[in-house]
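Okay, structure first, notes after.
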Amino acid sequence: MCPDCEDFARTVLLLGQLALYADMNGADLDFVEAVSPSLAASLPAPPASTEEA
């Protein structure tokens, strides 16, 4: 996997895990509110597709 693809996939995974955590009973919503904007802002541009049409 290319480095950009790996970074993109990892960041999307972290955002998804954070969303799941936010829906849990007892989740620290202050943590979610503090981390989610920074994590979303760090999301790199989607990697260019290497597939040919």
Side-chain angles (χ1 to χ4, degrees):
M1 183 180 286
C2 69
D4 290 340
C5 298
E6 188 175 335
D7 288 345
F8 184 79
R10 184 181 305 121
T11 305
V12 169
L13 176 66
L14 288 170
L15 283 166
Q17 290 176 331
L18 187 61
L20 290 173
Y21 171 72
D23 286 338
M24 291 176 52
N25 288 333
D28 183 349
L29 297 180
D30 289 335
F31 171 78
V32 173
E33 288 181 25
V35 172
S36 57
S38 298
L39 189 56
S42 74
L43 187 65
S49 176
T50 58
E51 296 180 23
E52 292 186 28

Checklist line | Counterpart residues, side chain to side chain contact (heavy atoms under 4.5 Å, CB included), relative to Q17 (two or more places apart) | finding: L13, L14
Check: If every non-hydrogen atom of S38 is compared with every non-hydrogen atom of A34, which pair is closest and at what distance?
Finding: OG-O, 4.0 Å
Next item on the list: May I have all residue pairs that pass salt bridge (Lys or Arg N to Asp or Glu O under 4.0 Å) and include part of residues 8-18, sequence neighbours excluded?
Entry: E6-R10, D7-R10
Check: What closest approach, in Å, do S42 and T11 show between heavy atoms, and which atom pair accounts for it?
Finding: OG-CG2, 4.1 Å
Table please: side-chain donor-acceptor pairs of residues 18-32 below 3.5 Å, with sequence neighbours left out.
from, atom 1, to, atom 2, distance (Å)
Y21, OH, D28, N, 2.8
D28, OD1, D30, N, 3.2
D28, OD1, F31, N, 3.2

